[in-house]
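Every chain is numbered from 1, with letters handed out A, B, ... down the list of sequences.
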2 protein chains.
Amino acid sequence: MLSLLFLVAAALPQTAPQGATAPADPVIADWRAVPDDELLVMTLANGKQVVIRLAAAMAPAHVGNIRTLARKRWWDAASVYRVQENWVAQWGDATEKKPLPAGVTDRPAAEFEIANFSPAVRMAQADGYSTASGITADGWPVATNGTQAWLTHCYGMVGVARDALPSTGSGAELFTPIGQSARRLDRNYTVVGRIVEGMQYLSALPRSEAAMGMYATPGERVPIAKVRLASDLPAGERPHFQYRSADNPRFAAAVARRENPEAPTVSLGGATVCDVLPAVRRTP
Amino acid sequence: MLSLLFLVAAALPQTAPQGATAPADPVIADWRAVPDDELLVMTLANGKQVVIRLAAAMAPAHVGNIRTLARKRWWDAASVYRVQENWVAQWGDATEKKPLPAGVTDRPAAEFEIANFSPAVRMAQADGYSTASGITADGWPVATNGTQAWLTHCYGMVGVARDALPSTGSGAELFTPIGQSARRLDRNYTVVGRIVEGMQYLSALPRSEAAMGMYATPGERVPIAKVRLASDLPAGERPHFQYRSADNPRFAAAVARRENPEAPTVSLGGATVCDVLPAVRRTP
């Protein structure tokens, strides 16, 4: 059939893509568990689930807020209230006026950047938004300008919406890029995680033509039934996920293969970090 | 409200973005008409229209095929039969077996590349997929490796699906990236245009979980009522579009502003070509 051989999906698949050589395939040891308290499960009123892996070590203050918000059930009856074409889907309190619960710090110190740039695999080429980038051992996309380091706003990453600086937000209002990667938000917004399952329940929502893609009427909003940390769910409902680690030669080979595909496919010998996010899967 | 001030849309808007200075605003002379025979109007069975600007000068053989396919009404009763999360939406003949009409050249000479790299505005930074890129006077995103030049697979650009090389396809099966830009397809597929209206009617379609995102059942497919060149539509139904030209200091200033946003927003002093596609609008 037309296009099947070459139009393979954008993220590195769990199994070897076309023309892969065996050494690049992940082995059991490459898969590592995502801690249950670093997994946020958002259940929409329609029953669909969006699962977010939290970057707990990268943005501890905002992830701390998010854990508290989930435990206080702050998002129950919240909604996805903004879906802007080729930009973002955003959820939380549509009125953006609901008081934050005790224990949540509004406008904590900025976490727009991370402590250091130490990827396990580096991309071969720079991009328009950083001088170097790569994937950390535990699977996060990071970039640097040679001085600061940060998590990148790839498609499906989760950022903290905020008002004008110096506001840093709180974590109560979250967004994810649903079009081209939103790299120009790097270092300007806090990245708190990555959607690892159910992205299509946000990316395929109807776009709003209203200002900033805010749904113009309450009826357009997509109700959220509940948001919980996996660790707070009953054992029977608790999902378990694994990420493909990057600190091994198999992942490095997979990235190199993406940067230098086999002939007759041509390339510059590069790819962007958003195009090599490691696979995440439910624990078999 | 949270996030309104900074989370502005990804494409350069027709009106000045936040903090714009007057000289960067387009003036009447910057808007140029898209010829009616370079505008393809795809009407879905649900009545929604997707309007594609054709890159007639960049891929003449494939655009020639597309014009013939439209005039022969080849796509009438075709469908959008593939929607793969964070990858592409693809349309045409779902069986991929329907014979091409007379006058359509199957597998014409490859048009993966264009004659030369001559943008009106160059991006300040290289990216992972090209050593230089920019926007041509007539608004097309182009890139180069220093030797070859090509149109880039940005979100919303339209490419020609094909079988394994040496197949070049025909133009009968088309796709558009609906997630992160699909730049790794650059120089491997023929780009024939850009969706300038109605992208949301493709990008928000339900994703398929089946192999390659092909809809598993005919019932999932999104029927296409008809596809016509605007020039072949009755005057009363014919849309007219204008694109914002790039060969003027106002567009150059808008790109520079996107690469170097006003403080307190920080940047590397760069952006990617897919993030500065010129606005296209219905003729006022």
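Interface summary for chain B: among A/S203, A/S267, A/G213, the most heavy-atom pairs under 4.5 angstrom belong to A/S203. Note: B/Y155 leads B/F112, B/Y155, B/Y201 in heavy-atom pairs under 4.5 Å with chain A. Here B/A126 is the residue among B/A126, B/P206, B/G156 with the most heavy-atom pairs under 4.5 Å with chain A.
For A/A271, the parts lying under 4.5 angstrom from a heavy atom of chain B are both the backbone and the side chain. Both the backbone and the side chain of A/R187 come within less than 4.5 Å of a heavy atom in chain B.
We find the CG-OH distance between B/D275 and A/Y129 to be 3.5 Å, quoted to the nearest 0.5 Å. The structure places CD1 of B/I178 at 10.5 Å from CD1 of A/I178, a figure rounded to the nearest 0.5 Å. Here the CE-CG distance, from A/M199 to B/N86, works out to 7.0 Å after rounding to the nearest 0.5 Å.
Side-chain atoms of A/N188 come within 3.5 Å of backbone N or O of B/V266 as a donor-acceptor pair. Side-chain atoms of B/Q180 come within 3.5 Å of backbone N or O of A/C274 as a donor-acceptor pair.
A side-chain hydrogen bond (donor to acceptor under 3.5 Å, both in side chains) with B/Q200 is found for exactly one of A/R207, A/E85, A/E209, namely A/E209.
In terms of heavy-atom proximity, B/L205 sits nearest to A/A204 at O-CB, 3.5 Å.
Within the 4.5 Å cutoff, the side chain of A/T131 has heavy atoms near those of the B/L268 side chain. Two residues are said to be in side-chain contact when any heavy atoms from C-beta on lie closer than 4.5 Å; B/R184 and A/P261 fail this criterion.
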